[in-house]
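Notes for the one structure printed next.
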Amino acid sequence: MRKNIVAGNWKMNTTLPEGLELAKNVNKALENVDAKCDVIICTPFTHLASVNAVIDKNKLGLGAENCADHRSGAYTGEISAPMVASTGATYVILGHSERRQYYGETSETLKEKVALALENGLTPIFCIGEVLEERENGTAFDVVKAQIEEALFNLSAEDFGKLILAYEPVWAIGTGKTATDDQAEEMHAFIRGVIADKYGKEVAENTSILYGGSCKPSNAKALFAKPNVDGGLIGGAALDADSFMGIVTAFE
Ligand code: 13P
């Protein structure tokens with residue numbers, strides 16, 4: 001059966017000391033709760049090795065927010081999947097809308113990133129989602145389907161089964177405007193159907209699909225109660241241990 005997961009995406013926030021403090025606080029909070037979901041924090045590259053040293057990996061997973069589309073070589077400033085794996089991190093967010101929007105990531109580069117992540121034992125948390133205009137002009141479902149097909153449908157069923165997906169409607173990210181639980185459920189059910197059509201019902205049923213976009217303690221419970229919403233990818237609310245834990249404990 002698929003897992004319930006709450007993952008934090010810290011984005012470009014926290015200095016190293018601040019990040020270590022936050023990671024320690026989340027780790028400590030998890031000692032006192034019986035979490036009903038897997039909990040992951042995805043931090044800036046600069047923090048990974050240090051955070052890895054201070055968390056209990058049995059309770060708290062660690063991931064990066066991106067990796068390069070090349071294995072190694074003359075790509076100044078890039079961080080490869082093997083480098084990420086060497087820090088102790090075991091997850092990597094790929095295809096986040098901010099990467100697609102501001103850094104020109106395409107399905108072609110994402111295909112390479114997914115392959116390299118898997119080759120290096122990293123679990124991709126692969127993001128998909130439409131912008132406001134696409135939601136309003138009725139193409140949201142086509143857009144999300146194309147994002148999945150173009151970057152992921154070259155994978156074998158076995159490799160596809162290693163992915164975590166995150167549906168993040170771009171219009172809901174950092175805007176305070178959450179998709180309603182019914183809107184999230186409708187898209188998550190659609191995504192699961194797209195997976196089932198390609199890889200079969202079993203793979204689709206076993207794929208965790210997270211919701212992201214202004215998820216917070218006050219709305220997490222209603223979102224996570226939906227049958228096809230298997231947890232959340234959390235931005236702003238992951239930057240405070242108490243609010244992040246408020247979302248983790250939305251699973252009962
Ligand atoms: P917010 O939770 O800040 O809206 O960000 C969501 C997100 O982009 C997580 O990847």
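The first residue in the sequence is number 1, and the count goes up from there. Each ligand, and each atom within it, is numbered from 1 in the order the structure gives. Side-chain atoms are counted along with the backbone in the values below, which use heavy atoms only and exclude waters and symmetry mates.
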Smallest separation among heavy atoms of L116 and A81, with atom names: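 Minimum heavy-atom separation between L116 and A81: O-CB, 3.6 Å.
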Can you confirm whether [X] is buried at [atom1], in the sense that more than 12 heavy atoms of other residues, nucleotides or ligands lie under 6.0 Å from that atom?
| X | atom1 | answer |
| --- | --- | --- |
| E205 | CD | yes |
| E133 | CD | no |
| K162 | NZ | yes |

Parallel, tilted or perpendicular, as decided by the 30° and 60° cut-offs, for the rings of F251 and F224: parallel
Qualifying residues under ring-ring contact (aromatic ring centres under 6.0 Å, His included), relative to Y75, sequence neighbours excluded: H70
Residue contacts for ligand 1, heavy atom to ligand atom, distance under 4.0 Å: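 The 4.0 Å shell around ligand 1 contains N9, K11, H96, E168, A172, I173, G174, G213, S214, L233, G235, G236.
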